[in-house]
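Just the heavy atoms: all of them, side chains too, but no hydrogens, waters or symmetry mates, feed the values below.
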Amino acid sequence: MPELTAKMARASNPSGTTAMWVRDHLDGLWDDTDFASWYPRDGRPGLSPAQLATVCVLQFLLNLSDRQAAEAVRCRIDFKYALALELDAPGFHHSVLTDFRDRLCEDDRADQLLSLSLERMRKAGMVTERGKQRTDSTQVLAAARDLTRLELVLEKPYLNRSWNVRVEQVSRRGDLPVVRA
C-alpha cells in the first residue's frame, strides 16, 4: 500500500467508506496467482486480475456501471486505497471490466473463485459454517415484485386470448355487440 495513498484516504475519509472497508477486511482475498490460468503467459503485462475482481465487488456493492467504476478508480482516493494504487495511477478503460467478466464466465471460474473466497474468509474467521445468516427483506420483496411483473407480462397473451373468447361468447348470446377493427 503506498503510504501517501493510505494517509490521504484516512485524512479525507476519517470514518472510512465502503471501498476502504473492503480493503481493510478483504485484503489478500485474491492474489494474481489465483488467476494465472485465465491469461496467456506471453504478451504485454496486463492489469492485475485481483484488482479487477476487487473493482467488480465494489461495483456490485455501490451499484456502479462499468463507466462509473472505471471513473472511480481514476478519481476516487478511497478506490485507490482499496486497490493499493498510487494517487497518480491512471486507471483503465471501462471495457476492461467487461473482458474480465467474460473470462469469469468461462468454464466454472466464477464458482472456483467463489469457493476460494469463501475458504479464505472461513480461515480468517469472517464466515462460519452452520452460522446464522440474515436476509434483507427489501431484496426479497424487490425480487418478488420483479417476478410478479414478469409473470404479468408472460400471462398477458393468455389473458388476451381468454378475454377474446369471453367477448365472443357474450356477443353470441346477444348481450354485447361485437366491434371489429
Side-chain angles (χ1 to χ4, degrees), residues 1-41 45-74 76-87 89 91-92 94-147:
M1 166 69 70
E3 185 179 337
L4 184 58
T5 302
K7 186 176 181 180
M8 292 296 292
R10 292 288 171 209
S12 62
N13 301 294
S15 58
T17 65
T18 302
M20 293 170 71
W21 184 93
V22 166
R23 172 68 184 191
D24 293 340
H25 292 87
L26 301 180
D27 180 36
L29 186 59
W30 301 293
D31 187 77
D32 286 344
T33 58
D34 298 328
F35 304 90
S37 64
W38 295 22
Y39 294 90
R41 297 182 197 279
L47 299 166
S48 163
Q51 286 179 335
L52 291 174
T54 303
V55 171
C56 288
V57 169
L58 291 171
Q59 184 180 12
F60 173 77
L61 290 173
L62 300 172
N63 196 26
L64 301 174
S65 68
D66 287 351
R67 288 180 190 270
Q68 291 170 326
E71 183 178 345
V73 171
R74 275 192 309 279
R76 289 179 50 174
I77 294 172
D78 59 336
F79 269 62
K80 292 187 184 286
Y81 175 87
L83 301 172
L85 296 173
E86 295 285 347
L87 290 176
F92 52 82
H94 64 87
S95 64
V96 171
L97 292 171
T98 303
D99 295 339
F100 179 77
R101 283 193 303 273
D102 287 345
R103 289 180 194 268
L104 185 62
C105 290
E106 292 175 13
D107 302 324
D108 60 344
R109 290 176 176 170
D111 292 335
Q112 291 172 357
L113 191 59
L114 178 61
S115 296
L116 177 67
S117 302
L118 287 172
E119 181 60 33
R120 289 181 179 165
M121 285 190 277
R122 198 174 291 120
K123 285 181 183 176
M126 297 176 76
V127 176
T128 59
E129 292 192 38
R130 308 272 186 229
K132 288 189 177 185
Q133 183 176 351
R134 274 185 222 189
T135 302
D136 183 4
S137 63
T138 306
Q139 299 293 331
V140 173
L141 293 174
R145 183 190 68 229
D146 290 345
L147 182 59

Open item on the list: Minimum heavy-atom separation for Leu85 and Ala89, please, with both atom names.
Closed with: CB-CB, 3.9 Å
Open item on the list: Parallel, tilted or perpendicular: which one describes the rings of Phe35 and Trp38, with boundaries at 30° and 60°?
Closed with: perpendicular
Open item on the list: Looking at every non-hydrogen atom in both residues, tell me the closest pair between Cys56 and Leu97 and how far apart they are.
Closed with: SG-CD2, 4.1 Å
TODO: Drop me the distance from Leu113's CG to Asp108's CG, to the nearest 0.5 angstrom.
DONE: 11.0 Å
Task: Contact check, side chains of Asp66 and Ser95, non-hydrogen atoms, under 4.5 Å - done: no
Open item on the list: Tell me whether Met121 at atom CE has more than 12 heavy atoms from other residues, nucleotides or ligands lying less than 6.0 Å away.
Closed with: yes
- [ ] Could you pull out the closest heavy-atom pair between Met20 and Ala9, with the gap in Å?
- [x] CE-O, 3.7 Å
Task: Distance in Å, Glu71 CD paired with Arg76 CZ, rounded so as to fall on 0.5 Å steps - done: 10.0 Å
Task: More than 12 heavy atoms from other groups under 6.0 Å of CZ on Arg74 - done: yes
Task: Residue among Leu64, Val73, Thr54 satisfying side chain to side chain contact (heavy atoms under 4.5 Å, CB included) with Gln59 - done: Leu64
Task: Straight-line distance of Leu4 CG to Leu87 CG, nearest 0.5 Å - done: 4.5 Å
Task: Point-to-point distance, once rounded to the nearest 0.5 Å, from CG of Leu104 to OG1 of Thr98 - done: 12.0 Å
Open item on the list: To the nearest 0.5 Å, what is the distance between OG on Ser15 and CZ on Arg10?
Closed with: 9.5 Å
TODO: Quick one: pull up CG in Asp99 and NE2 in His94 and give me the separation to the nearest 0.5 Å.
DONE: 10.5 Å
Task: Least distance between heavy atoms, Asp32 atom then Ser48 atom - done: OD1-OG, 2.7 Å
Open item on the list: Quick check on Asn63: does its CG atom have over 12 non-hydrogen neighbours (other residues, nucleotides or ligands) under 6.0 Å away?
Closed with: no
- [ ] Side-chain contact test, heavy atoms from C-beta onward, threshold under 4.5 Å: evaluate it for Tyr81 versus Asn13 and give yes or no.
- [x] no
TODO: Before giving the answer on side-chain contact (heavy atoms from CB on, under 4.5 Å), spell out for Val55 and Phe92 the whole-Å C-alpha distance, their side-chain angles and the decisive distance to 0.1 Å.
DONE: CA-CA 11 Å; Val55 171; Phe92 52 82; 4.2 Å; yes
Task: Side-chain heavy atoms of Leu62 within contact of Phe79, under 4.5 Å - done: yes
- [ ] Look at Glu106 together with Arg103 and state whether they make a salt bridge at an N to O cut-off of under 4.0 Å.
- [x] no
- [ ] Work out which heavy atom in Arg23 is nearest to a heavy atom in Ala82; give both atom names and the distance.
- [x] CD-O, 3.3 Å
Open item on the list: Looking at Thr5, is its backbone amide N or carbonyl O close enough to the side chain of Lys80 to form a donor-acceptor pair, meaning the two atoms are under 3.5 Å apart?
Closed with: no
Open item on the list: Using modelled atom types and a 3.5 Å cut-off, is there a donor and acceptor pairing between side-chain atoms of Asp107 and backbone atoms of Arg109?
Closed with: no
